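Worksheet: the structure to be examined is printed underneath.
What's counted below: heavy atoms across the whole structure, side chains too, no hydrogens, waters or symmetry copies. For clarity, every value in this text was computed on a predicted model and none was experimentally measured.
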Amino acid sequence: MEDTGEKIREMAKEHSSRFKSICVFCGSSNGKKASYQDAAIDLGKELNIDLVYGGGSIGLMGLVSQAVHDGGRHVIGVIPKLLMLQEITGETIGEVREVADMHQRKAEMAKHSDAFIALPGGYGTLEELLEVITWAQLGIHDKPVGLLNVDGYYNALLSFIDKAVEEGFILPAARHIIVSAPTAKELFEKLEEYVPQHNK
């Protein structure tokens, strides 16, 4: 009986998210550690809300989107025409929206999302992440921005940001734009509780 009650509480919690959809930025490769792949799948299972992502079917993008889709949630992949052949192999997952270029991709992803999460990734992931952080700093949006800091992957980036605060290039209040956690469950809880502290 206790198990049933706990399951009902979990289900109620899952359906009470303040978010309808989350944008996930991540690599189009799997990375060298299995923990990155596991984190992408765990994130997809933890979300239990709709996903907006870069549209690829390979790497961490493919894993997180497949996990969300398998969970019965809507998946929107936004991909520039230029990358269609590079990032989509085999069957596409969910709804794929083709756009003209990278700028339109980011705008479209942001428009359909209530929050942002970055899994491990490379230049593209960092560029997308830093742009939405900058938009938050400028007051263009108040959506939470989360780092899934798998095995300390983003420790160096967080240290850089702390150094920029220390040296006067980022306001201390703006440091709080970024929410970070090592697991999907913990990160999602922090995003749910997020209250903007930055100056507009």
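Taking 4.5 Å as the limit, some side-chain heavy atom of Leu129 sits within range of a side-chain heavy atom of Leu157. A heavy-atom distance below 4.5 Å is found between the side chains of Arg97 and Ile76. With contacts defined as side-chain heavy-atom distances shorter than 4.5 Å, the pair Tyr53/Val75 qualifies. Ser65 has its side chain within reach of Leu51: a pair of non-hydrogen atoms, C-beta onward, lies under 4.5 Å apart. Asn30 places a side-chain heavy atom less than 4.5 Å from the side chain of Leu63. In this structure the side chain of Gln104 never reaches within 4.5 angstrom of the side chain of Pro80, judged on heavy atoms. Residues Asp114 and Ser21 meet the side-chain proximity criterion, which asks for heavy atoms closer than 4.5 Å. Val64 has its side chain out of reach of Leu60: every pair of non-hydrogen atoms, C-beta onward, lies at least 4.5 Å apart.
For Arg18 (side chain) and Glu192 (main-chain N/O), a donor-acceptor pair under 3.5 Å exists by modelled atom type.
The shortest non-hydrogen separation linking Arg175 to Ile170 is N-CG2, 4.3 Å. Between Leu119 and Cys26 the shortest heavy-atom distance is CB-CB, 3.5 Å. The two residues His112 and Val52 come nearest to each other via the heavy atoms O-CG2, 3.5 Å. The two residues Ala115 and Lys143 have their closest heavy-atom pair at CA-CB, 4.3 Å. The two residues Ile177 and Ile133 have their closest heavy-atom pair at CD1-O, 4.0 Å. Summarising the geometry of Glu46 relative to Phe188, their closest heavy-atom pair is CG-CB, 4.4 Å, with the distance given to 0.1 Å.
We find that Asp50 and Lys20 are not joined by a salt bridge, their nearest charged nitrogen and carboxylate oxygen being 4.0 Å or further apart.
Note that OG of Ser180 and CG of Leu187 are 7.0 Å apart. Values are rounded to the nearest 0.5 Å. Once rounded to the nearest 0.5 Å, the distance linking OG of Ser17 with CG of Leu191 reads 9.5 Å. Here the straight-line distance linking atom CZ of Arg105 with atom CD of Glu128 works out to 5.5 Å at 0.5 Å rounding. Atom NE2 of His176 sits about 11.0 Å away from atom CD1 of Ile178, to the nearest 0.5 Å. The structure places CD of Glu108 at 11.0 Å from SG of Cys23, a figure rounded to the nearest 0.5 Å. Rounded to the nearest 0.5 Å, atoms NE2 (His141) and CG (Leu138) are 9.5 Å apart.
Around atom NE2 of His74, more than 12 heavy atoms belonging to other residues, nucleotides or ligands sit under 6.0 Å away.
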Do any side-chain atoms of residues 144-152 form donor-acceptor pairs under 3.5 angstrom with protein atoms, and if so which ones, sequence neighbours left out?
residue	atom	partner	partner atom	Å
Asn149	OD1	Tyr153	N	3.1
Asn149	OD1	Tyr154	N	2.5
Asn149	ND2	Asn155	OD1	2.8
Asp151	OD2	Ser35	OG	2.5

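Phe25 meets the ring pair (Phe, Tyr, Trp, His ring centres under 6.0 Å) test with Phe116; sequence neighbours excluded.
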